[in-house]
Number of protein chains: 2
Amino acid sequence: MTARHEEIADALRRAIDREEYTVGSRLPAETELAAHYGVSRGTVRQAVAALTAEGLIGSRQGARRVVLASRRSQSFGELRSFAQWARAMGREATGRVVAQEFRPAAQEDSVRLQLPVGTRVLHVLRVRGLDGEPVLVERTVYADWISAAVAAIEPDCPSVTQRLYDDTGLVFAYGEHVIDAVACGAQDAELLGVRRTSPLLRVRRVTTTREGRPVEWSDDRYRSDAVSFSVHNSIDNNALARKTAE
Amino acid sequence: MTARHEEIADALRRAIDREEYTVGSRLPAETELAAHYGVSRGTVRQAVAALTAEGLIGSRQGARRVVLASRRSQSFGELRSFAQWARAMGREATGRVVAQEFRPAAQEDSVRLQLPVGTRVLHVLRVRGLDGEPVLVERTVYADWISAAVAAIEPDCPSVTQRLYDDTGLVFAYGEHVIDAVACGAQDAELLGVRRTSPLLRVRRVTTTREGRPVEWSDDRYRSDAVSFSVHNSIDNNALARKTAE
DNA sequence: TTGCAGAACTTGTCTGAACAAGTTGACCCC
DNA sequence: GGGGTCAACTTGTTCAGACAAGTTCTGCAA
């Protein structure tokens, strides 16, 4: 099922995780790995390219590859889905819908979801927590073609992402995240159980399908004492960008 | 000098930028591009893989590649260097060193810079601004082997990154960024000219050389009304990760 | 012992070929 | 017109080989 180069990438990741290759040590040469797994050098290169993009190993022409880090970053699924993320950490995701309403799309919705102004979109306000303790207020707007499936979900469903995949086969493939900080307002203070004006980490994001069609956009506010985000970047692979206001 | 696949990737990026291929339209097939540029299919695949990783185009087996976005994200240089970033936006980076001091490395410095505890490291506190308006307080710790070069730089140098490259040939290649929100303290309030307790966006980062050797680590606090960060992610390429406190 | 030159090694780039697997559109039948 | 089937097209995966370019280590000479 899975491609051979993915199997090899996984094998290498696991070897790094169990410290068969320690941080700072050198990986075997491509030709050695190719012989070991019984594949061509090109296939090995596909595998190590994946690890390089993840920042696990460093690579320079002429020198052996070096292990840079051991803990591997989350999968896209864990980033996209609050519930998947919680489960991976061994905690339980909780959550409930506070308000839910159909509205005609405003200018902002129209731009982000690539829909005509006035299209019936679904606004949902959710509070989500870890083991019952609230850490996140989520204000999401769903595109019209998926909103019926979302509205049918029970209010305390722990994983909306999983539910949409089961019901409709929808897969989230791309995401754009804009991160800044805001002061906590009155409603958020009550929902999260923190003082007003305390700092919150805000993540505004748009998620799209594999074809590039926007599914939802959301304004998420995290308690900054509970959650942070990390980004790994390199000279070859640059996902993070700094932006000015406006 | 530059590899053929990079030239082709650049050509495609430019073509997308000048809307020769518009958002939503389909790219030519690999075989067509290969014939057009006079290279093999493998070389074309290397080029389009780069654009896919940048999120410019989407890709599914069997279907033509689709243009997803036109504006391309910043280079790593622009992310790493405040001055480079400002220049790219047509604004002037300003800045000054508020305090600078050699200290023996504490536990935290030792872990992040992979140096023995007690090594003489250089602490620098800088305020940086756009066109004279302060937007960022930067607390940076430099490893011992680079600190002499840093200490020799004049206090109001607009681009430390550029200066270090010119003087020592040092190139920053990898970066790990942890992002959260904090309330503004008394010192930061005065330096940035904002009210105490107003929310600041904090980015803690470690930058390393191509070989994976840590050069510096820094605690940067941005006025959240002036600067935000954006991250582009996909199912194949996931640089962003969510973390809990501790 | 030190420093330099060169050999051996390793990754980067590129080719051309073949087959697998998924998508799209045209065509035909009902 | 509607629906289903199939062929043509397109991307994904893999192979084997070749050369370029950079690094590392060895051994020799000063």
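Only this structure's heavy atoms are used, side chains among them; waters, hydrogens and symmetry mates stay out.
Looking at heavy atoms from C-beta onward, Ile8(A) lies in side-chain contact with Arg4(A) at the 4.5 angstrom threshold.
Checked against dT23(D), dC15(D), dT15(C), the side chain of Ser40(B) finds its nearest nucleotide in dT15(C). Nearest to the side chain of Ala29(B), among dT13(D), dT10(D), dT10(C), sits dT10(D). Nearest nucleotide to the Val39(A) side chain, out of dC15(D), dT14(D), dT10(C): dC15(D). Counting only heavy atoms from C-beta on, Glu30(A) has its side chain closest to dT11(C) among dT11(C), dT24(D), dT24(C). When distances are taken from the side chain of Arg41(A) to each of dT24(C), dA18(D), dT11(D), the shortest belongs to dA18(D). Of all nucleotides listed (dT10(C), dT14(D), dT10(D)), dT10(D) comes nearest to the side chain of Glu32(B). Of the listed nucleotides (dT24(D), dT24(C), dT14(D)), dT24(C) has the atom at the smallest distance from the side chain of Arg26(B).
Of the side-chain N and O atoms in Thr31(B), none sit less than 4.0 angstrom from OP1 or OP2 of dT10(D). For Arg64(B), no side-chain nitrogen or oxygen approaches OP1 or OP2 of dG12(D) to under 4.0 Å. Taking side-chain N and O atoms only, Arg45(A) has a distance below 4.0 Å to OP1 or OP2 of dG12(C). Remark: Arg65(B) is in phosphate contact with dG12(D), judged by side-chain N or O atoms under 4.0 Å from OP1 or OP2. Close to dC14(C), at under 4.0 Å from its OP1 or OP2, lies no side-chain N or O of Arg4(B).
Annotation: of the two residues near DNA chain D, Thr43(A) and Ala63(A), the 5′-most nearest-nucleotide partner is Thr43(A).
The one candidate from Glu138(A), His177(A), Arg204(A) that meets the side chain to side chain contact (heavy atoms under 4.5 Å, CB included) condition with Ser218(A) is Glu138(A).
With salt bridges taken as basic N to acidic carboxylate O contacts below 4.0 Å, one links Glu154(B) and Arg163(B).
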